Every structure is written in structure tokens, then in C-alpha cells.
Amino acid sequence: MKLRDLFLTRREMLSRCGMGMGLVALRSTLGDTGCLLAAPVGQAVNPLAPKQPPLPAKAKRVLHLFMNGGASHVDTFDPKPSLAKFAGKPIPITLKTERRTGAAFPSPFTFRKFGQSGIEVSEIFANVGGCVDDLCIVRSMQTDIPNHEPSLMMMNCGEVRQIRPSFGSWVTYGLGSENQNLPGFIVLCPDGLPTQGNQNWRSAFLPGAYQATRIDTRETQIEKLIENIRNGFTTTAEQRRQLDLLAELNRGYQERRQNDALMEARVQSFELAYRMQMEADDAFDLSKEPEHIQKMYGEGLQARQMMIARRLLERGVRFVQVWHGAGQPWDSHDDIRANHGRLARECDQPIAALIKDLKQRGMLEDTLVIWGGEFGRTPTVELPDLGANSGMSNGRDHNPYGFTTWLAGAGLKKGIVYGATDEFGFAAVENKVHVHDLHATLLYLLGFDHEKFTYRYAGRDFRLTDVHGQVVHDLLA
Amino acid sequence: MLFQLGMLAAAIAIRAPAQNAAIDRFETNIRPVLVSRCYPCHSQSAPAPQGGLLLDSAQGIRRGGNSGPVLRPGDPEHSLLIRAIRRTDEKLKMPPGEPLPSEVVAEFELWIREGASLPPDPATIEKRQQPSLWSLKKPELATLPAVKGQGWVRNDIDRFILSRLEASGLGPAPEADKRTLIRRATYDLTGLPPTAQEVDQFVDDASPRAYARLIDRLLASPHYGERWGRHWLDVARYADSVNDSVNAGQRYPWSYTYRDWVIGALNEDLPYDRFVLYQLAADRVPHAEPRHLAALGFLSLGRDFPGSPAETVDDRIDAAARGFLGLTVACARCHDHKYDPIPSADYYSFYSIFSNIRQPKELPLLGKPVGLSPKQAVYQERLDHIEQVYQEYRSRRHAEMVAFFKTQMADYMVAAHDAEGLGNPEIEELVRDRQLNRHLLARWRKYLRESKEADEPVFRLWHAGAAIPAKEFATRWPATRRSVKGASLVEAAVDEKPIVSLRDLAKAYAALLEKYDRPEPFGQADADQLRAVVRGPKSPVDVPVEEFDLICSEGDNNNMRSIQVRYNAMLAQAAYDGAPPRAMAVEDLPNPLPTHVFLRGNPNNPGALAPPHFLTCLGGSEEKVFRDGSGRLELARAIIDPENPLTARVIVNRVWMEHFGFGLVRTPSDFGLRGDRPTHPELLDYLAVTFMQSGWSLKKLHRLIMTSATYRQASDDNEAGRKIDPENQLLWRMNRRRLEIESLRDSMLAVALRLDLTVGGVPFSLTAQPSVPRRSLYGFIERGSIPNLLSAFDFASPDQHAPMRYVTTVPQQALFFLNSPFVAEQSRAMVARPEFVAAPTPSEKIRYLYRWMFGREPANSEMQAGLKFVLRDAEPGDRASASPWQYGTGEFRGTGDTGRVESFTPFTVFVSDRWQGGSVLPASRSGKAVLRATGGEPGEQPDQAVIRRWVSPVSGTLDIEGTLQHAQPAVPYGDGVRGRIVSSRQGELASWWVNGSTAETKLTGIKVERGETISFVVDARLDPENDAFAWAPVIKCGERTWSAKKDFAGPPPEPLSLWARYAQVLFETNEFSFVD
């Protein structure tokens, strides 16, 4: 038996993982799941086997709706009437933005109160507004840098430049996955990659098993969704015969090679793969959704994505991240009215439907839903930059100082607004929540102390939150 | 069970558990706060340490500062530190700036209440003393241990191993059989399986020298360098692209020359010290052959972090420090290494070395210069063109920016005045608030300062005005104005309008200067003095075009980057298409810049100077500063100095790891305190010393290891061993290993007789279909977007240095075996081998497969299982019924009902979404012609019309619908295309000519017979330019519909024969994937 063959042997467990447990605690916790004690010393452990987190958890799975490009908070979930008063005039706050911005730019959309909580939401998210009593809206988010690349990295990996594992990788590393017939961490993104590509969901120094499988949701054929899920040259019945022969040959070979867990794991993986072919088919087959459900989600790519997301979560996929599209669609430097209007039209109904759907299935109770982009947008209008943009003055620039992320589901307060930006929405001023704090809180809900959930690499114990982050207890129910 | 608990106890016993927890608390909760909030003033690296207090060492914290001790362990209430951070004391409020959050203060209180435990100070305390870290002591030859089982010993390695086994009451496993040995050795040294002949030959060779000869033969194989080169490429984080490449502009044009250099160096057994030397400093080594410049790819092929050079440098430091020295120097980036004796200053010493290098303007040619081939000449022309576009863009935008800055002169003059006496951060703020350009402001400041020093008449009034405090300006200006004599033109301009503020004065200057901004000199001294402020080499606003990057806008940056991306893409294309190879070399900056420690790792927060020198724990010091250029050569020499205790140990450990599955030190890139200690320290030292004595020869090292009895053990399980040493640290048997993905893929190609054994060359696409049968290590490695095949099988991520590979088992690996076209392809090829086909009986065929795939005869049960599988009626495949659509090119001749498609050549290649006549366009037969689901493009020649052909599966009456479309750009060119519908029986049914237009192609009531073809033919007409078209007809016959778009598909997969399916199962077996 070769040590490095055995991902997560006991020894590696002890030396590498800091799941926030003393060694003895680790032993008993994992012992329950059969990962550690049930497997004799030196035995392979399936990297995606479901694991219990070290602390009591509220959330079992994560759904991250990523508004890549940076949705404007003052046009969606953070109304700022003062902008109308100052319309066309400079505001008394100046913060460095990536490009030059000018006067106050009131939102072209109207806000109204929704639900019993009476929280104001923009007309372009009227359907999501209908779910506002289930949302926990954080209006005081902050990140570090007003550029897409570092901010995407911060939101997804907790570090602006260096290569670090993504949030989803950490979660699948810590919790494994409940469905062994599907990947544990799935990214849905139609029509190409977002800015920074695979880095947004990479496993970095964590084992490759924790990297997301990205799926182009434009595709409808299962073989284009998951590589090698199907072939055109063998029938299922014939494949079964092949697998039976394989099992027989492997048995004979292993008779002389007793106690080799890795070989046994490999044998099992073929059976898993065989079952995965069916399961994947089923997970992505939206024709199986009844008509009233299809209607609820509506038409179009976003509806399709959200329905797939629900089907995956329902099947025990640990982490599903849904991107609006390739590149940075929400990056409305020009024409907020037209662009944000269109983008919200595409996803408002599907997102609202997804929340309702999770709720009616009782899944919202233990699913952690996150909505937001890598940063927000300026309340001031972006000025035409000499030689740069197309010369229009009806868009907004990037804003890392204050923006909105809303959460919903497992263990979170419902129908509340937390924190606030200043009068104009430029910077968070009340109960600021940095992305590190958000990560700390999300990990907490998943049953991890973010300071103790570590991985030893290159001589250091790494964390998702690096050396930062505070759990925001006020968000917790 | 008992043993497990014992292990736990051992793990904990390193430190008393309680103290361990307290120190952990210090490290997690206290130290980061000290680092970020206190170190700037209270650390050895602080520019001006305050109050004599140093908080960056245990010693310093305990000692306290000028006001005495800062803490009383157990008593937070009487600890000065707590008083300071609580801010209850008016005189002592620390740290400056925002107060520490109350939770943090509470953490400090708790830490002190619990005794204020501190970790020892390795870095500072041990700096000048004998290092206590085992790996920093020089390796020494220990006396060979005595062993009882002398008979087993083949060389000295075995004594070290056996003595430990004996001490534990264990014995070694028996020697593996010869078939196992040759398979193990061949994979170990070449990454390929032995051929059946090689196995037979070795098994039949009864000579005692047979095994030694085998090792010699394998070490002499050119595939040795490929196998071990790939191991090294993991260490060197090798990739063929810069970052995530969304486009070809990210490809390194000549990355492969580094990869090939590594392979060649290993094959020729270049001594390892030279191997290291060249990778760090081939350009500085006197008399080094120019071919070794390719080795510098080690430095140049890492990740590049645009806009954050510090990250790029960090990556180099990390790769070199962990790769060559097994030290995690990168941990010392923000503060002294927490565990190992590596102060932060050492990191920045390395930073100095690895930042003072750049890519030479022209990469050095490898080999003799040759003339450009016609193909390469075309590339050169295109490259020159892009270069020209780039330069034109820069000069145009540069002129616009300078003109713009001339409208802002007053703003800059005022800003320059306001910026006096401000620090960098404040100037940043000023520039941001006023939306100015930092570089231009710096130019204005310099200009005005110099004009003041020189007392130039033009700006005399300005400086006089600037000297008046702002509040008093209006009242004091008239008197000042009267008392100062300036240039007369300036005086006149200033007196034109009333001036009540410095800004007014600036505006007057700006208005005046604008008047004198004209291309030609005036020929009058006073006028030309003014002109010189806005034009010419000394002008602050007339920024030279070379400085454009410093004044350009964000948009300019994007635009220029996109042109550069095009250039890089073209360069890479030229390189991949046969441009002469070049070294991805680096060179030192002509004037290396001094480096400072970045406090807390922040480049904007420079601390003490960090001159380049070697690590202090390895004998480097500020007294031994590197002086040659960046210091790379001196660093390389220090690394390979035989006195250096690490270099040899680290590499022999890596070699051991690749032979046995894990190293003697199981953290092969971390020989520090937090890494593992060697399981056999004396053996590690023995190997390191012997290695250096042998002239750093890797091949001799392999020979030594592989001829040991230890290596030749069987991998059989054994109960005693498993109980006493479950992880096989003592090597009571050989470890069984799973093949890495490269070997796995190569093996399938090899046994299927498809493997192309060419060594070196430009990368190929691992995802191409049909597969390219080259060895996997030549596959294109796109950093950040590793092909799923590789990542599913634990390929080493090239993002960072990879100490070792993970081995995970996930179902995606099984899916690859079950369903990938690649495995199907090799299964087919396996049973197409001539000897297989010629084998007369099914049992002969099975025997043949076993011999080639496993190097052995099948057991009787295996034979029976195989026969049972193949000797049956094959089940009908579920292959879709043949499509009625065909795609190709041909020529239409004649007219009306005598018109016919004269020739039809089916397309042969399907690429992603289209059919075409070859994998590269233009194809020899069909030119640029392609067909997609919804349209296509004809070739240039008359016989290269594109034809979408429908073979009628029915007899009946058809309706055909569709729209033929051709688009013209704003400036039209070409003459459009002609579309025809032609029946094989009835001739031309209709034709349309579209040129920037649309035609409805509707036919009704066409009577067809089964087997008759309906061709949709599109030709280029006379002008073959701009001929892309859209045309996706739909054919209806009663209830049935055939849609060109919906039915469009690539070639249907060939069903596998029973034999091929059998071969596939053999590929899938554990036996094929594992090496005993």
C-alpha cells in the first residue's frame, strides 16, 4: 500500500486537515461517517464520501446565484431616494473608482415595498420581491478592489490574486457529497466561461476531486453536458456484460493482492460510473418537470438553469453555482436602464420560482442560497473616458465600497435588511460585511469554524478566509 | 485499534496538549493582529522601531519596551498592552488609527489570562547558532548498520532498510518474479510498458547480469528523459500558456523548448548541479553552450499575474525554494517564517533576485539561424503589420492625451503646489480626488521644482504667489506682484485680470502658455521660453511617446492589451507552425533595482532594504551580498554548493519517491519543522553524499536504488507487516502503484501499436479527435484549463509548484474507460493488430492480448471467461439508423433537367460544429469549403461547391422549405453565392443567386423515389471571396420531416466489435492500471 495513493488516509487526515477539531474529536466525528475508523489504517477513503462537519450545521447544501459583472445595488435591492434629489449634481462623497464618474445618477427604476416585511425592492426584481419575506438582505457588503478579476477571486476564493481553492471546493472538501452518482460541485454557466474562467471554481491545492464540473446549460444533450457520460458504440446491456467480465477478471487479480483498498475503490468506481449514466440523464432531463413547475420558472435559459440547479440540489449535489452567462453580463457601464432591465427580465422570475420551489419542497430549510455579484456599482454616473467607453453617460462604474448580497434559507433570518450604505449608496457605513465575513458566516452555517477549517499546503495551514473574517451572528436566526 | 490510539498519542505528545492549544491561539488570533497592526512600528523590520518595543519575537514581547514589560502573564488587568489597546489611558492608545475591535481585545485578554504562551523564536534565536532543524545539518555518512540477514543484502541501501526492519521484528518481502520486475523497472524508467518480446527475453535470460543489463538498457533509452522529465515538470509547474487562456494570445510560443531541454538534459545525464545551475542562470554561466538557455524556462514559464508583479515574483521564489531546497520560503512573505529559520528579509532578498529579471526583447534562437521559409515569411509580415497597428494606436492616442493635458495645465500647477510635503498615500488620494494623472503630476512637480531652483523668470511670479499662504493670498498678492520681476510676457498676462487666488494665477499662466503652443519656434527668446514649457523635451506636458503607458487611460490599456494578445497569438501560431525554436530566456535588468522588505507583504509599504543574498539559515548574510547582476548566478551556485545540506537531499528524496511511491521524507518539498522527518535519516544522508560523490549523476542514483534488494521486493501483502507498519514506512514490501495518467494513456497507445515515439517538439492537442498518438507529456498544457482527462486523473496543477501527485478515485475515471472515444479507438486498434487478426483461434487471440497487455499468459479461468464473452452472438448495437444526410463537395454541370451533380466527394473530417475536407483548411481536395448545421461556405474552385445531400428513404411527394441567405458587410465585396436544388433523377429543380440578399427556397410537390438524392448545392460564382451563407432546408413528406439543422451531426460512432469490447475490458482491469 502506498501512502500517497490513499487520498485521506488516516495519516493525511491527521496531518493535513484542520476541520476545527482536536485530533480526538476528529476521530470520533469522522468515525461516525465511517470515513476514518471504519476504514482500517491505510485504507482509501472516497474523497467525496459524505462527511459530518465538526459543528452543528444549519445548511446541508449551497446554491450560489452569481450575478457576474456586478449588479447595481442602487437599482435592485438598495433604494436611494437621495439620488433623485441630487440628480445631475455632484454628491459629497468621492471614492476612487476604476473609471471616472460624475454626478448623482438616480435609478431609472422604481422601488416598492413587498411582503409583510415591507422591504423595498426594485421593479425589475418584482418576482424576487415577492419572496422578500424569505430573504436576508445584506446591504453593507464590501470587497477590496474595483476590478472584476480580483473581486471575482475574492468572492469565490477569498483572495484577490494568488491561487486559492474556491468556496465550493472547500465545501465539498469538508462535506463530500451526498450523491455519489453526480459530481459534488457543479457550476452552471451558459455559452462560455465567465471572466477568470475556471479559476472561479478551481480546487487549487486541494485535490482535483473537489474542482467543480462546469456545465454549459445551453446544451440539452447529456453527452455534451458531462464528458464521457455516454457513448454511441455500446448498448447498456452490453456494457453490463463488460462490467461483469471486468469484475470477474479483477476478482481473480485481487485474490493474490489482498487488502488493497485503492484497487477495491477502483472496482467500485466502475459501478458508480455505470449508475451515474442513468442518474445524470435523469438529473438534466427537464421534460420530467410537470407543466405547472415549468410555467412557474418560465421560459429561456435562466429558467432552464434554475430548474437544473434545483434538480441537482434535490439529488444531493453539495454545491451548485449558477452564473448568469459568459464574460461579465451585469457589467453595465453603459445604459443601466436597458441592460439591467434586460438582465433582470431574464432571471427575476426563474430565481423567484427557484426559491418558492425549494421552499415548497422543504429544501429551503437546509439550503443556503446566495445571490450577488463580485461587487456593486457606483451611484454616480460613469463619465465617458477619453478613448475608452462608447461615450454614453447612463451607466455605472464598479463599486467595491458598498453593495448588496442577499441570502436565504438555512439558519438565516428572514425578511430582514442588515447593514446600510450611505445616503447615496456609495459605501457601506453601517454593520459592514466584508466578503471574508460573508465566507466566515457561510462556513459557520455549514458547520465549520472558518479559523479552524484549514488545509496544510506548502508549509502553511490555509483557510478560505486567510487571516480575516468574523461570523456575522446578527444574520443568523 | 491499539495501534491507532498509539499513533494519536504520538502525534499529540510533541507538545503538551494544553500549551499546544494556547500557542495555536496565539498564532491564529494574536499574531495576525500583531503583524498587521503593530509590526509597522514594533518589529525588527520596521523602518523606525518605536519605544524600544519589538513584538515580532517571543523574546521581544517578553522583554517589553522602554516603559518596561508590556504584559504580565495571567494578569491582563495589569498588562500595559491591554491598557494600550483598550484605549482607556489617555496617553497610551494603540495601535494608531482605528481601534482594535472589542472581540480582538477580548482575545488578547484571554491569551494573557491563560498565561500568554508564545512559540519559540526559531528565526531569531537560532539565526547565529548551530541550526536545530535536522535538514540544515550537513549530510554525513553514518557507519553502515549491522544486519543479521546478510544474505538478502545486495547493496548498502539494503543494510539501512533491513536493520530497521529487523529492529521492528519484520523481514523483507521475497524478491518479485522476473515479469513483475521488468514491468516495474520499465514503467519506472520510461513510463511505458515492456513489449512482449522484451518480457520474454528478460525472463529467458538466466544470466546473473540480466537484471543489471535491463536497468542499463532502460537508462539508455530516450524515453527515460521523457518519463523523468515529466516528473521534473511537476516540480517546475510547467505549462504551455500564461494563465487561463480564453484565447491563443496566452500561449507561450516556445515553452516546448524548455520541456525538451529537460528531457535532453536527463537523457544525457547532465549532472544535477549543472541542471539546477542552468535553470536559474544559464545566461550568466561563463562558456555555457547556448542550447542551455532553454533551461531558463524554469523562471519564465510560471504564471504571470498581470498588474501584480509581486505575485509573479512570488511564484518564482516558491518554485525555486521548494523545488530545489525543499524550503517554504514563500511563507516568509508577510512576516518571519513561523516555524523555520527564514526571516522575512530572506524572502525579500530572494525577491530582489527574482524581480530584477525580464524577458529579452528578442528571444535567443536555439540552433543555427536559418532563412525564413515562405510560410514563416507570411507570419512575419502579419506580425509586422500588427506591430504597426500597435505603434500607430499609441502615437495617435498619445497625441490626443497630450492635447488633453494641455487643457488641464492650471489644474496640474495647483495640484503640484498642493502636493508639496505630502506623502505617497496622500498624493494618491489627491490624484484620485481631482481625477489627475499621477505621472503627469510628477512631471509637473519636478519641472516646477527645478524652475524654482534655477530661478527661471517665466515661473518667478508663480513661485512668489505659491509662497503666500492660501488664506492671505488675496490680500498679499498685489504687494508680492509689485516686488517680483518676472518674464515680461508673463507679467503682462498676469496683470490682465484680477487675481485673488493661486488658482487664478494658474489660470493666467495656463491661458498664456496655450497661446504659445505652436509647432514652429517663434524665433524670439521670450516667446520660445514660453513655448518650451508646452513643447519639447523639457516640457512637463509634452510627455514623450515612450511614456505613453504611464499616461494612458484604462480604455487605452484594454485596447493595447487586445492588440498585444493578437500579436502573441500570431507569434505562437508561427512557432507552432514551424518557426525556428527559441529559448524562453530571461536576462537581468541592466540596472537592478534595490528591493525593500514589504511590510506585511504589502508592496506599498516598504521597510528596510533587502539586498540579494543567500538564505541566512544556509550561511547567507548581508555581509555576503550577491553583486553580479540580479544575483541569480551567485544564488544558483549557493544552491548547488556541496556544503549546502539541502539540495542533494531534496533531489535524492524526489527520486526515491518516484521509485517507491513516497519519499524518505514524505513531504518532499518541505524539509522544514512542519514537514515530516525522514523515516531513514542515515539512508537519506548516505544517498545524498553518494550522489554528490558520484558527480551528481541521476542515472547512477537510479542504478543504485534499482539494484538494491529493497527495490526488488515483491509487493505482496503480509499480515505482520500490515499490523506493525501499516503505512509501510519501513519498506517491508514494495508499494503497488497506480499508473499516472500519462503512462496510462501512453500504454494504451503503445500496446495498440499506435504510439508515436518521436521525442520532443511542439505540443499537440490532447482533446483532438481522432486522437493524436503522441506521448502524453507532449500534450498542450493550458494553465487553468487542464483537459478533463488529465484533471480527472490527478494531473499536477501547473498553477504552482507541485510536490507530488494526489491519487484519487472518482467515477469520471471509470467513465473515461467506459465511454471515451479514446479508449474505444485503442480497443479497435488493439484487435486490428496484424498478429491478432492472424491468430487462428479465439484462445490464441486471447493469449496474444494477455501477452501484450499484461506481459503474461492468461490463467485458465481468465481464458474461459474471455471465451465466454467473445463466443456468442453479438447483440445488435443501438446505433442510430443511418442518417439520410451526406455532406461534401462537388460540381454541378449542365442546365435544367439535364443538369447533374457531376462529382460528390464526402467531407472526411468533423470539427466541433462543421464538416470539412481535412483537419486543416484549406484542404487539398475541397479547399476552404465547410458545412455547418445552418449553412456553410463553398471552396474557390467550380468543383468545390458545397453539397448537402439528402438520400430519400421514401418514395413519395416532397415539400421543401428554406431560406438561402448571404450577408454583405458595410463595404461589400465578392459577388455572393448561387444555390441550387438538384435531383439525381430529375436534374436541376431550382436555383437562386443571393448577394447580400435572401431567397425563399420553397419547392412543393416534388415526386421522389426511394434512393433518389436531393442535393443542396452552393457555389462561389466567379468571385470566391466573402461566400459564407446560411441555408438549412427542411424536407417534408406527409407526416415525416427531415431538418438539415436538427439532423445535422458528426460521424456516427462505429459500434465496437465483440473482440474490441473484450479488449476494452482488458484495458479497464486493475491489472492494466497498477504496477506491482
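Note that the structure is a prediction, hence the values are computed from the model and not measured. Lettering of chains follows the sequences in order, A, B, ..., and the numbering in each one begins at 1.
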Ranking N250(A), L272(A), D244(A), N147(A) by heavy-atom pairs under 4.5 Å to chain B gives rank one to N250(A)
If you count heavy-atom pairs under 4.5 Å with chain B, which of R256(A), H468(A), E271(A), R257(A) comes out on top? R257(A)
Among N788(B), L1056(B), L818(B), which residue has the highest count of heavy-atom pairs closer than 4.5 Å to chain A? L818(B)
Side chain, backbone, both or neither of [X] within contact of chain A (heavy atoms, under 4.5 Å):
X	result
E1071(B)	both
N557(B)	neither
F869(B)	side chain
S1073(B)	side chain
N1070(B)	both
S820(B)	both
L327(B)	neither
D1076(B)	side chain

Answer with yes or no whether the side chains of Q812(B) and N228(A) bring together a donor and an acceptor at under 3.5 Å. no
Test item: side-chain donor near acceptor, Q1064(B) and Q242(A), under 3.5 Å: yes
Chain B contact via [X] - side chain, backbone, both or neither, heavy atoms under 4.5 Å:
X	result
L182(A)	neither
Q254(A)	side chain
T101(A)	backbone
T213(A)	side chain
E149(A)	neither
F270(A)	both

cation_pi(R828(B), F233(A)) dist<6.0 Å, angle<=45: yes
Would you verify whether the NZ or CZ of R266(A) falls within 45 degrees of the ring axis of F817(B) while also being under 6.0 Å from that six-membered ring's centre? yes
Would a distance-only check, ignoring hydrogens and angles, find a side-chain to backbone donor-acceptor pair under 3.5 Å from N819(B) to I229(A)? yes
To the nearest 0.5 Å, what is the distance between CZ on F1072(B) and OH on Y253(A)? 11.5 Å
Distance (rounded to the nearest 0.5 Å) between R783(B) CZ and Q199(A) CD: 10.5 Å
Side chain to side chain contact (heavy atoms under 4.5 Å, CB included) against E248(A), all qualifying residues, sequence neighbours excluded: R251(A), A865(B)
Is the shortest heavy-atom distance from the side chain of [X] to the side chain of [Y] under 4.5 Å?
X	Y	value
Q277(A)	L815(B)	yes
L249(A)	L1066(B)	yes
R738(B)	M263(A)	no
T328(B)	R460(A)	no

Within a 6.0 Å radius of atom CD on E103(B), are there more than 12 heavy atoms belonging to other residues, nucleotides or ligands? yes
If you compare all heavy atoms of S269(A) against all heavy atoms of A814(B), which two are closest, and at what distance to 0.1 Å? O-CB, 3.5 Å
Which atoms form the tightest heavy-atom contact between L262(A) and F1074(B), and what is the distance? CD2-CE2, 3.9 Å
Applying side chain to side chain donor-acceptor pair (under 3.5 Å), can you list everything that pairs with R322(B), at least two apart in sequence or on another chain? Y457(A), D318(B)
